[in-house]
Colleague: 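Could you have a look at this structure, given as C-alpha cells, before my questions?
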Amino acid sequence: MKVPLLDGLLWASSFILTAALFVVLLWRGRWRQFPIFTAWMLFVATIAVPLFLLHQHGSMKWYARIYWGRLWPEFALQLGIVFEIARVVLRPTGTWVRDARAQFVTAGFGGAALAALLTWWISPPHGGYTTWQLRGDLFTSLVICELFVAMTFTANRLGLGWRSHVMALGQGLTAWAGASVITNSLESYFGTRHFAALEYIQGVAWIAAVLWITIRLWSPEPQRQPISEDLREYILALHRRVEYDLGRLDAGN
C-alpha cells in the first residue's frame with residue numbers, strides 16, 4: 001500500500017529522531033538516569049520498522065495484530081516514565097522526601113480515576129477497536145499530564161528543585177501529551193471528519209517533543225542549585241537517625 005508523501009515524511013522523521021534520541025541516551029550515558037524512558041524509545045523505534053514494512057509490502061492482517069498488540073506494553077512504559085521522573089525529582093538523596101510519596105501517589109490515583117471516568121464517558125463514533133484505541137490514547141495522555149502536574153505541585157510545595165534533564169523530559173512529554181489530549185478529544189467529537197489533519201498535528205507534536213528532549217539531553221547538565229533549607233534539615237535529620245540506629249546496633253552487639 002503506497003503511503004502519501006506527508007505521511008511518509010512524518011513517519012520517517014519520527015523514526016529517525018526517535019532512533020537519534022535513543023543513541024543520545026546511550027552515548028551520553030543518560031540511560032542510567034532514565035532506563036524506562038530509554039526502553040520506551042527503543043521500543044518505539046524498533047516497532048516502527050515492521051509496521052512500515054508490513055504496511056508497504058506485507059499482510060495488513062499482521063500489521064493490525066502488531067499495531068494493536070503494541071498498545072499495552074507502550075501504555076505501561078509511558079506510565080513507568082512518569083514514576084521514573086518522580087523518583088528522580090522527589091528522591092534527590094535516594095530516599096523519598098518526607099510526605100512526597102504520599103502526596104504524589106494520592107494525587108496520581110485520584111487523577112487516574114478521573115481520567116478513566118472521562119474516557120469511559122466519551123462515545124467516539126468510530127466503533128470497534130478504533131474506539132478503544134482512542135479511549136486508551138486519551139486516558140494515557142490525561143494521566144501523563146495529570147501526573148506531571150501533580151509531581152510539579154508536590155516538588156514546588158516541598159521546595160525541591162528540578163534538574164535540567166528532568167525538566168526537559170517533563171516539558172517535552174507534557175507538551176506532547178497535552179497535544180494528544182486535544183487531538184483525541186476532537187477525534188472523539190468529529191469522528192472520521194478531519195481525522196487525517198488531527199493525526200498530522202499529533203505526529204508533529206511528537207516530533208517536536210523528541211527533538212526538544214534530544215537537544216537538551218545532549219547538552220551537559222548545568223550545576224545544581226542549592227537545595228532548600230527544609231530539604232537540608234530533612235537530610236541532616238535522616239543522617240542523624242541513621243547514626244543513632246547504627247549506634248544502637250553496635251551497643252546491642
Side-chain angles (χ1 to χ4, degrees), residues 10 13-45 74-92 97 100 103-104 107-108 111-112 115 137-185 198 200-225 227-228:
L10 289 176
S13 300
S14 176
F15 170 75
I16 293 172
L17 289 174
T18 303
L21 176 53
F22 176 72
V23 171
V24 168
L25 287 163
L26 294 183
W27 186 268
R28 305 293 281 183
R30 315 302 186 208
W31 64 270
R32 297 184 182 89
Q33 188 179 20
F34 307 113
I36 299 178
F37 180 71
T38 304
W40 184 35
M41 291 301 97
L42 177 61
F43 179 83
V44 172
E74 189 167 4
F75 172 75
L77 286 170
Q78 289 176 9
L79 293 185
I81 291 164
V82 179
F83 288 96
E84 180 171 77
I85 296 178
R87 172 184 56 82
V88 176
V89 175
L90 303 180
R91 295 180 59 190
V97 175
Q103 293 180 18
F104 178 72
D137 290 344
L138 183 58
F139 174 77
T140 304
S141 301
L142 284 170
V143 169
I144 289 175
C145 289
E146 190 277 332
L147 288 179
F148 274 124
V149 171
M151 182 176 56
T152 304
F153 174 78
T154 303
N156 291 336
R157 182 176 180 182
L158 296 173
L160 305 177
W162 281 75
R163 297 180 62 190
S164 177
H165 290 160
V166 179
M167 176 67 81
L169 194 57
Q171 289 171 340
L173 292 181
T174 303
W176 164 72
S180 297
V181 169
I182 296 173
T183 55
N184 289 332
S185 300
L198 293 172
Y200 290 150
I201 293 173
Q202 190 169 354
V204 171
W206 170 257
I207 292 172
V210 171
L211 181 60
W212 167 255
I213 295 172
T214 302
I215 294 173
R216 294 293 300 274
L217 291 187
W218 175 263
S219 303
E221 198 166 45
Q223 186 176 2
R224 298 186 187 183
Q225 297 297 323
I227 61 177
S228 66

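Just so it is clear, the values below take in all heavy atoms, side chains as well, and ignore hydrogens, waters and symmetry mates.
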Colleague: Mind checking whether W176 and W206 have parallel, tilted or perpendicular rings, split at 30° and 60°?
Modeller: perpendicular
Colleague: Any chance you could measure L25, atom CG, to W31, atom CH2, to the nearest 0.5 Å?
Modeller: 11.0 Å
Colleague: Ignoring hydrogens and angles, tell me if any N or O in the side chain of H165 forms a donor-acceptor pair with the backbone of S219 under 3.5 Å.
Modeller: yes
Colleague: Minimum heavy-atom separation for A179 and A205, please, with both atom names.
Modeller: CB-CB, 3.6 Å
Colleague: Is T174 reaching over with its side chain to a backbone N or O of Q171, donor-acceptor style, under 3.5 angstrom?
Modeller: no
Colleague: Are side-chain heavy atoms of T18 and F22 found at a separation under 4.5 Å?
Modeller: no
Colleague: Going by heavy atoms in the side chains, are I207 and L10 under 4.5 Å from each other?
Modeller: yes
Colleague: Quick one: closest heavy-atom pair of V166 and F34, and the distance?
Modeller: CG2-CZ, 3.9 Å
Colleague: State which residues pass side chain to side chain donor-acceptor pair (under 3.5 Å) with T38; sequence neighbours excluded, sorted by chain then number.
Modeller: none
Colleague: With sequence neighbours left out, what residues match R216 under side chain to side chain donor-acceptor pair (under 3.5 Å)?
Modeller: S164
Colleague: Let me confirm one number: the CG-CE distance from L21 to M41, rounded to the nearest 0.5 Å.
Modeller: 6.0 Å
Colleague: Check the pair L17 / T214 against side-chain contact (heavy atoms from CB on, under 4.5 Å), numbers first and verdict last.
Modeller: CA-CA 8 Å; L17 289 174; T214 302; 5.8 Å; no
Colleague: Show me the donor-acceptor pairs, under 3.5 Å and distance only, between side chains in residues 78-85 and residues at least two apart or in other chains.
Modeller:
{"residue": "E84", "atom": "OE1", "partner": "F37", "partner atom": "N", "Å": "3.2"}
{"residue": "E84", "atom": "OE2", "partner": "I36", "partner atom": "N", "Å": "2.7"}

Colleague: Measure across T183 and Q202 and return the closest heavy-atom pair with its distance rounded to 0.1 Å.
Modeller: OG1-OE1, 3.4 Å
Colleague: Identify the heavy atoms of R30 and L217 that sit nearest to each other, and give their distance.
Modeller: NE-O, 2.7 Å
